[in-house]
There are 2 protein chains.
Amino acid sequence: MKLNTKSRYAVMALADMSKFPINNPVSLRDISLRQSISLLYLEQIFLKLKKNEIVKSVRGTNGGYVLRRDPKNIKLSEIFQAVDQKVKTVGCKKDSKKGCNGKSVKCITHELWDELDIYINNFFENKNLSDLLVNKERNY
Amino acid sequence: MKLNTKSRYAVMALADMSKFPINNPVSLRDISLRQSISLLYLEQIFLKLKKNEIVKSVRGTNGGYVLRRDPKNIKLSEIFQAVDQKVKTVGCKKDSKKGCNGKSVKCITHELWDELDIYINNFFENKNLSDLLVNKERNY
DNA sequence: ATATACCCGACTAAAATAGTCAAGTATTAC
DNA sequence: GTAATACTTGACTATTTTAGTCGGGTATAT
Ligand code: FES
Ligand code: FES
């Protein structure tokens, strides 16, 4: 079970942004420098965050991205969904009657993995961006 | 976050075994057929389970593998560890002072991912093989 | 003897990941 | 009005990981 960089960077970048005044556009270049994340990779990530209405963009000089909501109201689960990073613990298709390995019934471990799936998603449901900021120094 | 087949099959195979009398060797061929898992892949997995003292082997005709302990005393976390499948949520090296991206301090999201790591491992710590068997039909 | 079933290291095809690249467009500052 | 900044978009690619396979064993029961 590994967390990929796309999700990790998305949260990291948004956490970086949320340390600034809410209507102040933050440029990807700055985030890239502060957090040591590739600028081109960030661009890719932010297009998805924009499409999913987590941020909005301001073009041109002194432009950048702006959070669309208060950090308190941005759940990690939304961020993950925005960058298409799903939790996948079962081996079968979730909505299908079929099991993994092409069988017509769910396997003996299916329920366990399903439970794990819910358990992990629960973590992301119950965390928001502002949870990342409490008791933290501004170390950028 | 995806669960790989190695862990999934390891648990599945052991759950299969634990439905049989404790000292009755179960052959990988049978597990392979019942659970539709490649026999050669299972062999690879069971060598590790054996090295980690979760099962022991009985060679020769009518041989197979036998659980070394009661299913109640085999935690999922042990199984995962045996097949080298770790949870990895942080981007940095856990024991190092350094952060991800080669910085000398931990990043702004480090604590979050560390918390997630503990949270997920907790699930595996609190589940054992026998938990998979309650209220289940023998559908093999 | 022979069949069964574990043992072990090395190998490989395919998929996923972690980015990069090229060629834009919109906005602001001067 | 032109230069500079910064977002936009789709395609492309190297690397790594995954999910196995393969070949050639050894031990044991019948
Ligand atoms: S994981 Fe769903 S059927 Fe096996
Ligand atoms: S995840 Fe540990 S420093 Fe970033």
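Letters A, B, ... are given to chains in the order of the sequence lines, protein chains preceding strands, and every chain is numbered from 1.
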Practice task
Quickly work out the Leu3(B) CG to dT17(D) P distance and round it to whole Å.
Solution key: 17 Å
Exercise for the section: Determine: side-chain N/O of Thr5(A) to OP1/OP2 of dT17(C), distance under 4.0 Å, yes or no. Expected result: no
Handout entry: Distance test, side-chain N/O of Tyr9(B) to OP1/OP2 of dG20(D), below 4.0 Å
Key = yes
Practice task
Compare the minimum distances between each of dT28(D), dC8(C), dC22(D) and the side chain of Glu43(B), then state the nucleotide with the smallest one.
Solution key: dC8(C)
Problem - Spacing of Lys48(B) atom NZ relative to dC7(C) atom P, expressed in whole Å - result: 15 Å
Practice task
Report which part of the nucleic acid Phe46(A) touches: base, sugar-phosphate, or nothing (heavy-atom distance under 4.0 Å, all strands).
Solution key: nothing
Practice task
Measure from CG on Leu28(A) to P on dT9(D) and round the result to the nearest Å.
Solution key: 13 Å
Exercise for the section: Determine whether the side chains of Gln44(B) and Lys6(B) contain a donor N or O and an acceptor N or O closer than 3.5 Å. Expected result: yes
Handout entry: Side-chain donor/acceptor contact of Arg59(B) with base of dT26(D) under 3.5 Å
Key = yes
Handout entry: Arg29(B) and Glu43(B) ion-paired at < 4.0 Å
Key = no
Exercise for the section: For the pair Ser32(A) (side chain) and Ile37(A) (backbone), establish whether a donor and an acceptor sit closer than 3.5 Å, ignoring hydrogens and angles. Expected result: yes
Exercise for the section: Would you tell me if any nitrogen or oxygen in the side chain of Lys6(B) comes within less than 4.0 Å of OP1 or OP2 on dT18(D)? Expected result: no
Handout entry: Given dT28(C), dT9(D), dG19(C), the nucleotide with the shortest approach to the side chain of Gln44(A)
Key = dG19(C)
Practice task
Kindly say if Ser27(A) contacts the phosphate of dC7(D), meaning a side-chain N or O under 4.0 Å from OP1 or OP2.
Solution key: no
Exercise for the section: Could you state the atom-to-atom distance from CG of Leu39(A) to C1' of dT5(D) in whole Å? Expected result: 12 Å
Completion exercise
Side-chain atoms of Tyr65(A) come closest, of dG20(D), dA5(C), dC7(D), to dC7(D)
Exercise for the section: Round to the nearest Å and state the distance from Ile45(B) atom CD1 to dT18(D) atom P. Expected result: 13 Å
Handout entry: No-hydrogen, no-angle side-chain donor-acceptor test under 3.5 Å, Tyr9(A) and Ser38(A)
Key = no
Practice task
Could you say whether Gln85(B) or Asn62(B) is positioned toward the 5' end of DNA chain D, judged by the nucleotide with the nearest heavy atom to each?
Solution key: Gln85(B)
Fill in the blank from the handout: Winner on side-chain proximity to Tyr41(B), out of dG19(C), dA5(C), dA19(D), is dA19(D)
Completion exercise
Winner on side-chain proximity to Thr61(B), out of dG19(C), dC7(D), dT4(C), is dT4(C)
Handout entry: Atom pair OG/CD of Ser77(A) and Gln85(A) - distance to nearest 0.5 Å
Key = 14.0 Å
Exercise for the section: Give the rounded distance in Å between these two atoms: CD1 of Ile37(A) and P of dT20(C). Expected result: 12 Å
Practice task
Before accepting this row, confirm whether a basic side-chain N of the pair Asp117(A)/Lys94(A) lies closer than 4.0 Å to the acidic partner's carboxylate O.
Solution key: yes
Handout entry: Lys50(A) NZ - dT25(C) P separation (whole Å)
Key = 15 Å
Problem - Nucleotide nearest Asn4(A) (side chain, heavy atoms from C-beta), chosen from dC22(D), dT20(C), dA18(C) - result: dA18(C)
Exercise for the section: Respond yes when some side-chain nitrogen or oxygen of Ser38(A) is under 4.0 Å from OP1 or OP2 of dA18(C), and no when none is. Expected result: no
Exercise for the section: Take the protein atom CZ of Arg8(B) and the nucleotide atom C1' of dG20(D), then report the distance between them rounded to whole Å. Expected result: 13 Å
